Amino acid sequence: HNFRRATMSLVNDRETMINMEESSGLKFMDMGQYNFMVFEIDSVTKKKAFATSLLEESSADIERMDVDLNQYRQELPKLLALLDLDKFCPPCHWSKGLTCAGRVKHLQNQYEVPRHMAKLSAMAQSSCRKSDKDLENEENAKKSMEVKVMENWDKNKKDYCGECEWDDKMTCDEKVEFLKSQYEIPDDTAKATVFVSKECTLSFQKKSY
């Protein structure tokens, strides 16, 4: 009993502890410090588990939203067709010195009108509407142009505008990503397809006004 008491007295002696730490290369701690560290480690482990759980739930939500968004994007052209927005003619003249696309941008900037509403407003002017024959010719020309654009893509890509608006809901870059995921086509092919829309070119944006 006396030996144990003497041993404990030596262990609790600060100078003795310092000598033991120096000779052993170890760092000793009392039970209070030990219990606190165990508590901290346990706390961090629980926080990490909680964060991992939240991340997994968020990832699942994002995947569901992406599926819903893709479905919406597939239906969007049909909805726009019902409003005749596919007949909107961006480069046509709304009035002297102002294109139909320029009129749309003016309404958006001046009155904060949603883009599709601004297009409908501009299309009240008959010169901003394409005829059915125009649409047919445009579709044929578009297919031919896509081939030519792709053949000279190294040159044409300098005029590509990824940040420009493809429609109300997405930029040209976002449209490219949609085409890549939907049809599994290469990046350049998707960009060339989008490039045919003049709204996705820098040169057209500069001429819009």
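None of these values were measured; they are calculated from a predicted model.
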Notebook entry, point to check: According to a 4.5 Å side-chain heavy-atom criterion applied to Ile, Leu, Val, Met, Phe, Trp and Tyr, with indirect links allowed, do Tyr111 and Leu120 form part of one hydrophobic cluster?
Noted result: yes

Margin query: Testing the basics here: between Phe88 and Ala122, what is the closest heavy-atom pair and its distance to 0.1 Å?
Written below: CE1-CB, 4.1 Å

Next item on the list: Please round to the nearest 0.5 Å and tell me the distance separating atom NZ of Lys87 and atom OG of Ser131.
Entry: 8.0 Å

Notebook entry, point to check: Other than Leu54, what residues sit in its cluster of Ile, Leu, Val, Met, Phe, Trp and Tyr side chains whose heavy atoms are under 4.5 Å apart, directly or through others?
Noted result: Phe50

Checklist line | Minimum side-chain heavy-atom gap Cys172-Cys164 below 4.5 Å | finding: yes

Item checked: Glu40 CD: over 12 foreign heavy atoms closer than 6.0 Å -> yes

Next item on the list: Give a yes or no on whether the backbone of Met117 and the side-chain of Ser121 come within a donor-acceptor separation of less than 3.5 Å.
Entry: no

Note to self: To the nearest 0.5 Å, what is the distance between NZ on Lys180 and CD on Glu177?
What the structure shows: 4.0 Å

Checklist line | Shortest non-hydrogen contact between Pro91 and Thr99, atoms and distance | finding: O-CG2, 3.9 Å

Next item on the list: Can you see which heavy atom on Met170 is nearest to which on Glu174, and at what distance?
Entry: CA-OE1, 3.0 Å

Item checked: Lys191/Asp173 ion pair, N-O < 4.0 Å -> no

Item checked: Heavy-atom donor-acceptor pair, Thr201 side chain to Asp159 backbone, under 3.5 Å -> no

Item checked: Spatial distance of atom CG (Leu85) from atom CE (Met123) [nearest 0.5 Å] -> 6.0 Å

Item checked: Atom of Leu135, atom of Asp86 and distance for their closest heavy-atom approach -> CD2-O, 3.3 Å

Margin query: Keeping Ser43 on the side-chain end and Phe39 on the backbone end, is there a donor-acceptor pair under 3.5 Å?
Written below: no

Note to self: Whether the side chain of Ser95 engages the backbone of Leu98 through a donor-acceptor N/O pair (distance < 3.5 Å, no angle test) should be reported.
What the structure shows: no

Note to self: Heavy-atom count check: over 12 atoms from other residues, nucleotides or ligands less than 6.0 Å from Gln110 CD?
What the structure shows: yes

Notebook entry, point to check: Can you tell me how far CH2 of Trp94 sits from CZ of Arg103, rounded to the nearest 0.5 angstrom?
Noted result: 4.0 Å

Check: For residues 144-158, which residue pairs qualify under side chain to side chain donor-acceptor pair (under 3.5 Å), counting only residues two or more places apart or in two chains?
Finding: Trp153-Asp188

Next item on the list: Could you tell me the separation between the CZ atom of Arg64 and the OG atom of Ser59, rounded to the nearest 0.5 Å?
Entry: 10.5 Å

Next item on the list: Give the minimum heavy-atom separation between Leu107 and Ala118, together with the two atoms involved.
Entry: CD1-O, 3.8 Å

Note to self: Tell me if a side-chain donor or acceptor on Asp61 pairs with a main-chain N or O of Ser58 at a distance below 3.5 Å.
What the structure shows: no

Check: CG of Leu202 to OH of Tyr160: how many Å apart, nearest 0.5 Å?
Finding: 10.0 Å

Checklist line | Within 6.0 Å of CD in Gln125, more than 12 heavy atoms from elsewhere | finding: yes

Notebook entry, point to check: Does the side chain of Cys89 come within less than 4.5 Å of Lys130's, by heavy atoms?
Noted result: yes

Item checked: Tyr183 side chain near Thr193 side chain, heavy-atom distance below 4.5 Å -> no

Item checked: Expected output: side-chain Ser53 to main-chain Ala49 donor-acceptor under 3.5 Å -> no

Check: So which heavy atom on Ser127 is nearest to which on Cys100, and how close?
Finding: O-SG, 4.2 Å

Margin query: Quick check on side chain to side chain contact (heavy atoms under 4.5 Å, CB included): which of Lys105, Gln108, Lys175 does Glu165 satisfy it with?
Written below: Gln108

